[in-house]
Each structure stands twice: as C-alpha cells, then as structure tokens.
Amino acid sequence: MSERIREKLTILADAAKYDVSCSSSGSNRRNTNKGLGDANGGGICHTYTEDGRCVSLLKILLTNHCIYDCAFCVSRRSNDVKRAAFTVDEVVELTMNFYRRNYIEGLFLSSGIFKNADFTMERLVRIVKKLRLEHRFNGYIHLKTIPGASQELLTEAGLYADRMSINLEMPTESGLKLLAPEKSHEEVKRPLGFVKNQIIALADERKIIKRTPKFVPAGQSTQMVIGATPETDMEVMYTANAYYKNFDLKRVYYSGYIPISHDSRMPAIGSQPPLLRENRLYQTDWLMRFYGFEVTELLNENNPHLDIDIDPKLSWALRNIQHFPVDVNTADYRMILRIPGVGVASARKIVTARKFGRLRSDQLKAMGIAWNRSRHFIRCADSGFILGDPDPMNLKGQILAESNSKYLTIPQNQLTLF
Ligand code: SF4
C-alpha cells in the first residue's frame with residue numbers, strides 16, 4: 001500500500017469511527033458465480049450481528065470533506081482537521097486487498113457530503129457496483145444513504161448493498177435544529193420511506209418472478225447521537241419506536257456523544273461519554289423488540305428517564321410489583337418473559353419443560369436464569385410461603401446489594417452528565 005493511500009486510510013477510518021450503525025445482522029447474500037466473499041461467513045470481528053456472530057468490516061468514509069457544519073460532527077466544514085478523499089478505484093482496491101488477506105469480511109462505507117448529495121451518492125454507488133459486478137465481491141456491504149440523494153441513485157444502491165442506513169443524528173427535530181440547522185428529520189424520512197417501499201415492492205415481485213433482484217436484503221437502520229442535546233430517554237425511545245414502526249427498521253443505534261469541540265451548546269470536552277445511558281437505551285430497545293413491551297410501559301410522563309442503577313426490565317417489575325410473583329408453572333409465555341433475570345431462551349425452556357411436570361427452583365437454575373434476581377419474582381413448585389407483598393424499594397436495595405453487576409463497577413462520574 002502506498003504512503004498516500006495509507007495516510008488517507010488513517011484519516012478516513014478515524015473519521016468513520018463515530019458511526020456505530022454497522023452491525024451486519026440479517027444478510028444472507030451467498031457466494032455466487034465463483035465470486036469472492038460470502039456475507040454469511042464468520043471471523044475476526046469489529047462488529048456483532050443480532051445472532052451474536054462477529055464480522056469484521058473495513059469501515060471508512062469516502063471523504064471527510066463536507067459542505068455541512070453539524071456541530072456534533074468531527075467532519076463539519078468549520079473543523080480544522082486534515083481532509084482526504086478516496087477515489088472510487090482506491091476504495092474498491094482497498095476492499096479487495098483487505099478481503100483477500102482475510103482482514104475483513106465486508107465494507108461499511110459512509111461519506112461526508114462534497115459538492116451535493118447526488119455527487120457524493122453517485123460515487124458511493126459506483127463503488128458498490130464495481131465491487132459486485134466487476135470484482136464479483138459477495139461480502140457484506142453496508143452503505144450510508146446521503147440525505148437528499150435522488151431516488152434513481154437510491155434504487156441503484158439498494159440493488160448492490162446488503163444494508164443501507166441514514167442517520168437521524170439527534171432524537172428530536174428541535175435537537176437537530178440546535179446543532180445542525182441546515183438538516184431536518186424530513187430529509188431522513190423521505191429516503192427511509194422510499195427504500196422501505198422498494199423493499200416491499202421487490203419482495204412482492206419476487207413471489208411472482210423469481211429472478212427479481214434482491215433489494216437491500218439486510219434492511220435499513222439508523223443512528224441517534226445521545227447526550228449532545230438534552231432529550232429525555234422517553235423522547236429518544238419514542239422516536240426509535242416510531243421509526244421502527246413507520247420504516248420497518250432492522251436496528252436503531254444509540255451512540256453516546258463523545259465531546260469533540262468547544263461549543264457551549266454541548267457537553268464540554270473531557271466529559272465522559274454517556275456509556276451507561278447508551279447501554280440502558282439498548283436494553284430498552286431489546287425489551288421493545290423481543291420481550292413484547294410497549295415503549296409507553298417502560299417510559300412515560302411519570303417515568304421519563306431510565307434508571308441508571310438497575311436495568312429497565314427490573315425497573316418495570318418494581319414499578320408493577322402487583323403482577324408478581326409469577327407462577328412459572330401456570331403463567332403465559334408473555335408474562336414469564338417479563339420476569340427480571342429470565343431471557344427469551346430461558347422463557348422458552350420453561351414453557352417446554354413444564355409440560356413434563358411442575359418445575360422446581362433447581363430446574364430453573366439449571367436452565368440458566370439469573371436466580372439472584374428472578375427468585376424475588378417467581379413462584380415454583382418448591383417456593384416457600386410469602387407473607388404480604390414485598391416493598392419495591394427494599395427489594396431493589398436487596399437486589400443491588402447482592403448483585404455484582406458490571407454496571408456498578410463503571411466509574412460513577414459518567415452519571416454526572418445527566
Ligand atoms: S452532513 Fe454528515 S458528515 Fe457532514 S457535518 Fe453533518 S454529520 Fe458530519
């Protein structure tokens with residue numbers, strides 16, 4: 001690799017690290033025509049799929065030049081940083097070289113916006129097209145959509161990329177206006193809506209005409225920056241919920257803001273990024289997608305912020321203690337899923353195993369449930385007699401005292417931001 005390319009790579013890989021929306025979950029592109037790569041493969045990882053697989057991606061920007069000046073972004077035009085831009089051929093060659101050396105299993109390609117949206121998007125499309133058609137690259141490709149790009153370019157991009165994403169940036173329109181007055185959520189909704197409709201249309205067509213090409217087979221995602229603007233957790237998750245529902249998103253990513261500039265509108269440089277809050281938001285996201293919770297059950301006007309010291313499922317259980325204890329031998333699956341410390345796999349095991357006899361605590365422990373937490377919320381065949389309802393505050397104190405949760409070991413100074 002030449003010195004010039006190496007320098008570009010250093011600048012453009014570093015600028016890309018702030019985008020966390022690069023999970024490659026859900027793709028099933030297979031190696032065809034003796035091509036190179038296979039998005040199903042596993043290996044050395046930089047990112048995790050939904051099913052827990054690790055995949056490594058070459059994660060770069062095409063350029064960090066940008067005509068916009070979003071205050072939270074390291075590539076904003078007013079920022080005094082070294083700039084660089086790859087050519088189309090350079091990105092293609094890098095991807096192929098890294099793939100052949102087994103460094104990566106795919107490409108995550110984003111870009112600052114130079115000249116205008118179509119000018120930038122057209123180059124991104126040329127890269128993915130060249131990889132797929134000329135180099136028969138079948139590895140995973142996640143392509144960023146450039147806000148404002150034409151529908152023709154989006155349509156073309158969707159035929160070659162596995163996943164497309166476009167960042168909401170801030171969770172609310174007012175937050176976005178505060179830090180990026182030139183941008184709007186409408187600009188994000190339009191392409192998300194267009195790509196969603198194309199995915200549905202082409203999937204319908206494939207039912208009739210088998211040769212209809214796949215379109216964005218791993219779906220769409222978005223990312224929000226958390227902690228740069230003062231939105232509540234309720235506002236963040238209500239936005240996420242609306243985008244999941246309206247645009248069939250595969251994932252919403254929450255990226256704790258890392259202070260990068262002296263700007264009185266945002267947390268000062270040196271402030272800890274809100275990693276624990278980010279974690280709680282992801283947990284809430286999972287409860288909505290896999291545990292049957294409505295977002296309004298977890299966050300509402302009376303409860304606009306997630307607890308920092310306990311996870312959102314335990315927090316919900318303590319606020320709704322009247323639903324507990326749950327008898328695992330008779331309760332429905334939906335309610336078993338709501339027991340703190342019981343995951344989806346354990347809930348399924350419980351429902352299957354109880355067909356063969358009433359379950360006892362030793363069997364529940366053997367199924368891998370977090371007994372320290374769940375025992376306070378469960379009735380099973382050998383449960384002792386409980387007098388009266390437990391006091392939620394006492395219970396919380398007891399669980400925290402017994403817990404060696406990893407969260408308790410995180411330095412508390414990061415909480416001072418909120
Ligand atoms: S448009 Fe994107 S790359 Fe450009 S400054 Fe805004 S967030 Fe950064």
Side-chain angles (χ1 to χ4, degrees), residues 8-22 59-86 91 107-125 127 142-150 153-154 157 161 163-192 195 220-229 231 236 239 243 252-263 265-267 269 273 278:
K8 284 188 189 184
L9 189 57
T10 306
I11 296 169
L12 295 170
D14 190 67
K17 74 184 178 198
Y18 297 96
D19 199 316
V20 298
S21 59
C22 53
K59 183 177 173 183
I60 48 170
L61 300 188
L62 175 62
T63 180
N64 65 341
H65 287 280
C66 194
I67 56 173
Y68 287 98
D69 202 34
C70 310
F72 51 86
C73 178
V74 73
S75 300
R76 68 190 183 279
R77 69 169 178 263
S78 64
N79 202 16
D80 184 19
V81 288
K82 255 191 170 176
R83 305 282 173 174
F86 282 124
V91 176
L107 172 68
F108 174 90
L109 184 60
S110 182
S111 184
I113 302 171
F114 50 140
K115 283 202 180 169
N116 58 50
D118 274 353
F119 186 86
T120 313
M121 192 73 205
E122 194 260 335
R123 272 155 184 73
L124 298 179
V125 171
I127 290 168
H142 179 153
L143 195 66
K144 279 284 172 191
T145 306
I146 303 298
S150 71
L153 285 169
L154 296 186
R163 169 164 291 183
M164 288 170 72
S165 66
I166 182 163
N167 290 350
L168 266 174
E169 312 296 12
M170 295 301 138
T172 58
E173 191 73 42
S174 56
L176 189 62
K177 284 282 168 256
L178 180 71
L179 301 183
E182 302 156 295
K183 299 180 104 183
S184 77
H185 278 183
E186 274 315 307
E187 261 186 346
V188 176
K189 285 179 191 168
R190 265 195 301 275
L192 282 178
V195 170
Q220 302 191 86
S221 62
T222 192
Q223 172 182 291
M224 287 186 261
V225 177
I226 304 304
T229 42
E231 285 93 357
V236 173
T239 298
Y243 276 76
V252 174
Y253 292 88
Y254 311 92
S255 173
Y257 175 66
I258 301 168
I260 45 146
S261 63
H262 296 287
D263 187 320
R265 295 170 292 177
M266 295 184 291
I269 286 184
E278 188 185 286

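Note that the structure is predicted; figures quoted are calculated from it, not measured. Whatever order the structure lists them in is the order used to number ligands and atoms, beginning at 1.
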Which ligand 1 atoms are under 4.0 Å away from a heavy-atom of K183?
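Every atom of ligand 1 under 4.0 Å from some heavy atom of K183: 1 (S), 2 (Fe), 6 (Fe), 7 (S).
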With atoms numbered from 1 as shown, which atoms in ligand 1 lie under 4.0 angstrom from a non-hydrogen atom of C73?
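Under 4.0 Å from C73, ligand 1 has these atoms: 3 (S), 5 (S), 7 (S), 8 (Fe).
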Would you say C66 has an N, O or S atom lying under 2.8 Å from atom 6 (Fe) of ligand 1?
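No N, O or S atom of C66 is closer than 2.8 Å to atom 6 (Fe) of ligand 1, so no.
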With a 4.0 Å cut-off on heavy atoms, is E169 touching ligand 1?
yes
Closest heavy-atom pair and its distance - S221, R163
OG-CD, 3.7 Å
Identify the heavy atoms of L143 and L124 that sit nearest to each other, and give their distance.
CD1-CB, 4.0 Å
With a 4.5 Å limit on heavy-atom distance, are the side chains of L12 and N64 in contact?
yes
Could you identify the single nearest non-hydrogen protein atom to atom 6 (Fe) of ligand 1 and state the distance to 0.1 Å?
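Of every protein heavy atom, C70 SG, 2.3 Å lies nearest to atom 6 (Fe) of ligand 1.
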Is any NZ, NE, NH1 or NH2 atom of the basic residue among E122 and K115 found under 4.0 Å from an Asp or Glu carboxylate oxygen of the other?
no
Which residues satisfy the side-chain hydrogen bond (donor to acceptor under 3.5 Å, both in side chains) test with S75, sequence neighbours excluded?
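By the side-chain hydrogen bond (donor to acceptor under 3.5 Å, both in side chains) rule, S75 matches no residue at all.
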